[in-house]
Amino acid sequence: MNYISTRTPDAEKRSAAYVIKTGLAPDGGLFVPESIPTLSKEDVESLIGMDYVSRATYILSLFLTDYTKEELKAAAEAAYSVEKFGGPAAPIARVGDDYFLELWHGPTSAFKDMALQIMPRLLSLSLGKTGETKDAYILVATSGDTGKAALEGYCDVDRVRIQVFYPVNGVSNIQKKQMASQKGNNVNVVSINGNFDDAQSGVKAIFADENARSALAEKGYFFSSANSINWGRLAPQIVYYISAYCDLVAEDELKYGELLDVTVPTGNFGNILAAYIAKKMGLPLGKLVCASNKNDILTDFINNGVYDKRREFFTTVSPSMDILISSNLERLLWFVLGADKTRECMESLNREGIYTLDNDAMEIIRADFAGYSCSEEETKKIISDIFEEYGYLCDTHTAVAANAAKQYKSAQGNKMLVVSTASPYKFAPAVLSSLGEEVPADDFDALDKLFAVTKCAIPANLASLRDAEVRFTKTVDPSDMIGSL
Ligand SMILES: *Cc1c(COP(=O)(O)O)cnc(C)c1O
């Protein structure tokens, strides 16, 4: 299986190891598989008898053909172990008539773990496969969740170092403590006197700095990123849609062939794109419902065919979905329009902040996708509604999806899989206030209070955090970021 860029027709084909090592295509496009492997009824039936690790090994082997089955199995075993996930990697909870796919049982309690636990191992292997003599030096600018998930994923992975920058006053106390207490001999965490944009610009400046690059090369490293547009983060996300379908068939909730609708709380469009690829492989999925918060640019796009980022940016209680440029949408455009038109759209977005698709293209997109958004009040209301009615506690991002699933009524009456992307404890203050409770000033007190009110279990990694030893305390000015490497 080879990969091509979304922006240049007939561009050079690349191996999976190459695209995982490099991230972005040289023309600025994203890498996509040149064809989609198929998944027959017999394939799904044979997957039903397997555990998550074996399912992941099989599905990844269809896409990462230059990795051996043994390599993929070892990577999946290390990534999705019971020690890391405390049980099955992607369990399903029944909530009323719907199924909630819980993707947050990993070491940082957010769904980013599903990809960031395995991708570092794939990157480490890619160095050998591409004949790379230097080791990877990963730089991450984070506004919270990605930084911790990346640190945990890259921790003590062979031939990789990671350094994370976060805005000193721009993350919650829980997120700060999660990062500052990170274990591992190849990790470093530095806060900066500035906001997230300063951190991001600083990282970009380091990537572009010739002197920094050659100084690092002398020490035996090249710069790399843990960015969400890397195919190595997308491929592992296809696995849990197929795995969820298998589980529902195994439990007699679905008959093979029965269409399952899916609702995904969406930011960068990576998670829902993985569902689309699973559907293209032949998995019997129905509608893919794209759920947005008050930042409703994707809802507008799906309904009107206009992607217009010239709009107000809102900070919401579901911060991981506060985004105006959903990078992975470019991959969907490529599937529907091909490389020439995709490049035109991306150039238009860069130049004018907007692009428009014609009706034919939008009909193709709407055959697979529907889009809904919800307000802050609606997000909070559905958390308390679901808790009161079913005793099930969900986080603010999952709540946005639950609201969209409710707005979308399947004409065929398909069953609905709601994708749950974070533990409610990760966003304890907002969840507490949704339940009508007073919110303590200290985040750790909010955790304890949420437990006292709901009696839902606190994930072990968050429960032990208050007393975790702090290892990293350095704060630098944005201009000194290079000096901190
Ligand atoms: C990253 C994230 C999302 C958005 O996922 P995308 O793949 O960027 O669309 C949703 N919920 C949570 C909790 C996240 O961390």
Side-chain angles (χ1 to χ4, degrees), residues 30 90 100-117 119 140-153 171-172 174-175 178 196 226-241 262-278 288-299 301-302 316-332 369 371-374 379 383 393-405 418-428 430-431 459 462:
L30 310 190
F100 279 43
L101 177 60
E102 297 181 345
L103 300 177
W104 43 263
H105 291 275
T108 76
S109 300
F111 101 100
K112 305 279 190 294
D113 289 332
M114 298 302 296
L116 279 169
Q117 277 300 309
M119 188 223 172
V140 181
T142 183
S143 56
D145 281 353
T146 302
K148 177 60 183 180
L151 284 166
E152 197 62 45
V171 303
S172 75
I174 289 182
Q175 289 172 321
Q178 276 190 309
F196 172 65
N227 211 298
S228 77
I229 53 186
N230 192 307
W231 179 253
R233 276 187 63 178
L234 216 108
Q237 300 186 340
I238 300 167
V239 174
Y240 47 74
Y241 290 103
V262 178
T263 303
V264 186
T266 297
N268 218 5
F269 211 76
N271 202 354
I272 197 167
L273 192 90
Y276 174 75
I277 292 177
L288 310 176
V289 180
C290 174
S292 298
N293 62 25
K294 196 175 171 191
N295 294 292
D296 55 359
I297 187 165
L298 287 166
T299 315
F301 170 68
I302 291 168
T316 73
V317 291
S318 45
S320 301
M321 298 159 69
D322 292 344
I323 204 160
L324 289 184
I325 300 189
S326 298
S327 315
N328 271 297
L329 188 60
E330 178 169 349
R331 287 191 164 108
L332 175 64
F369 291 90
Y372 296 91
S373 58
C374 82
T379 306
I383 291 176
L393 190 65
C394 74
D395 94 293
T396 46
H397 303 76
T398 309
V400 170
N403 179 285
V418 175
V419 176
S420 175
T421 48
S423 159
Y425 283 97
K426 192 122 201 206
F427 300 93
V431 172
L462 296 178

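Residues take their numbers from the sequence shown, with the count starting at 1. Order of appearance sets the numbers: ligands from 1, and atoms from 1 within every ligand.
- For the pair Thr266 (side chain) and Val264 (backbone), a donor-acceptor distance under 3.5 Å is present.
- Below 30°, between 30° and 60°, or above 60°: for Phe111 and Tyr240 the angle between ring planes is above 60°, a perpendicular geometry.
- A distance of 5.5 Å separates CG in Leu234 from CD in Gln237, rounded to the nearest 0.5 Å.
- Formation of a donor-acceptor pair under 3.5 Å by the Thr396 side chain with backbone atoms of Val317 is found in this model.
- Here the straight-line distance linking atom CG of Asn268 with atom OG of Ser320 works out to 11.0 Å at 0.5 Å rounding.
- Around ligand 1 you find Phe111, Lys112, Asp145, Pro265, Thr266, Gly267, Asn268, Phe269, Gly270, Asn271, Ser320, Met321, His397, Thr421, Ala422, each with a heavy-atom distance below 4.0 Å.
- Remark: Lys148 pairs with Glu152 by the salt bridge (Lys or Arg N to Asp or Glu O under 4.0 Å) rule, at least two apart or across chains.
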